[in-house]
Amino acid sequence: MSLTLPPPIAAYFAADKAGGDAVAACFTDQAVVKDEGHAHHGPAAIAAWKTAASAKYIYTSTPVAVDQADGRVVVTSHVAGNFPGSPITLRYAFVLEGDKISGLEITP
């Protein structure tokens, strides 16, 4: 089954394979990413977050479901790689602003 993701979210998952700068380009200038108890504000911090994660772990993220809740687009994704607890199912809660992402919270 193929999912139809909103274009900014599809761009995020495609950029996730390309590195920090590609991921940061998916976000607004004031965007915030919350992951593993930390908040990353703005494109430079988001790029650094993604670059650090990519240096530490090799993983794949495969979206398996998409839903809308409380003004967010929530994507459930199967994530597998060389990290403790792999594989895991994560929820990516996106807030969209036009053709960019203004917020992302990643939770188990």
Side-chain angles (χ1 to χ4, degrees):
M1 177 173 112
S2 178
L3 293 179
T4 301
L5 299 173
I9 296 173
Y12 169 84
F13 281 103
D16 190 50
K17 299 171 185 144
D21 290 335
V23 167
C26 298
F27 290 85
T28 65
D29 289 342
Q30 291 77 34
V32 177
V33 172
K34 295 178 182 176
D35 183 35
E36 296 184 330
H38 296 92
H40 311 277
H41 300 267
I46 292 168
W49 158 74
K50 172 56 185 160
T51 299
S54 293
K56 191 172 182 180
Y57 303 116
I58 298 170
Y59 64 92
T60 59
S61 181
T62 306
V64 295
V66 62
D67 197 11
Q68 300 232 358
D70 301 322
R72 296 175 176 206
V73 179
V74 180
V75 177
T76 302
S77 189
H78 180 77
V79 182
N82 66 341
F83 56 88
S86 177
I88 189 169
T89 299
L90 295 177
R91 291 172 41 95
Y92 293 74
F94 293 91
V95 178
L96 302 180
E97 187 176 306
D99 63 350
K100 298 277 187 172
I101 301 164
S102 62
L104 170 58
E105 184 170 5
I106 303 171
T107 58

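Of all heavy-atom pairs spanning A24 and P43, the tightest one is CB-O, 3.4 Å. Listed here is the closest heavy atom pair of V75 and P63: CG1-CB, 3.7 Å. Of all the heavy atoms in A15 and C26, the pair that sits closest is CB-SG, 3.9 Å. Between V32 and A39 the shortest heavy-atom distance is CG1-CB, 4.1 Å. Closest of all the heavy-atom pairs between K100 and A25 is NZ-O, 2.6 Å. Shortest non-hydrogen contact noted between A65 and L3 is N-CD1, 3.3 Å.
Cluster annotation: W49 and F13 are assigned to the same hydrophobic cluster (Ile/Leu/Val/Met/Phe/Trp/Tyr, side-chain heavy-atom contacts under 4.5 Å, transitive). Each of I101 and V95 belongs to its own hydrophobic cluster when Ile, Leu, Val, Met, Phe, Trp and Tyr are linked at side-chain heavy-atom distances under 4.5 angstrom.
From L104, atom CG reaches atom NZ of K34 across 10.5 Å, with rounding to the nearest 0.5 Å. Interatomic distance, L90 CG to D35 CG, rounded to the nearest 0.5 Å: 8.0 Å. Going from atom CD1 of I88 over to atom NE2 of H78 covers 10.5 Å, rounded to the nearest 0.5 Å. With values rounded to the nearest 0.5 angstrom, F83 atom CZ is found 12.0 Å from I58 atom CD1. Atom OG1 of T51 sits about 11.5 Å away from atom CD1 of I46, to the nearest 0.5 Å. Rounding to the nearest 0.5 Å gives a distance of 10.5 Å between CG of D99 and OG1 of T28.
Between L5 and V73 there is no side-chain heavy-atom pair separated by less than 4.5 Å.
Taking Y12 as the reference, nothing meets the side chain to side chain donor-acceptor pair (under 3.5 Å) condition, with sequence neighbours excluded.
Side-chain N or O atoms of K17 include none that pairs as donor or acceptor with a backbone N or O of T60 at under 3.5 Å. Using modelled atom types, no side-chain atom of D67 and backbone atom of V74 make a donor-acceptor pair closer than 3.5 Å.
The environment of D70 atom CG is sparse: at most 12 non-hydrogen atoms of other residues, nucleotides or ligands sit within 6.0 angstrom.
No hydrogens or angles considered: a donor-acceptor pair under 3.5 Å links the side chains of S77 and S61.
Taking the six-membered ring for Trp and thresholds of 30 and 60 degrees, H38 and H40 have ring planes inclined between 30 and 60 degrees apart.
Ion pairing between K50 and D16 holds under the 4.0 Å rule for side-chain N and carboxylate O.
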Q | Test log, rule side-chain contact (heavy atoms from CB on, under 4.5 Å), inputs E105 and R72 | A | CA-CA 10 Å; E105 184 170 5; R72 296 175 176 206; 3.4 Å; yes
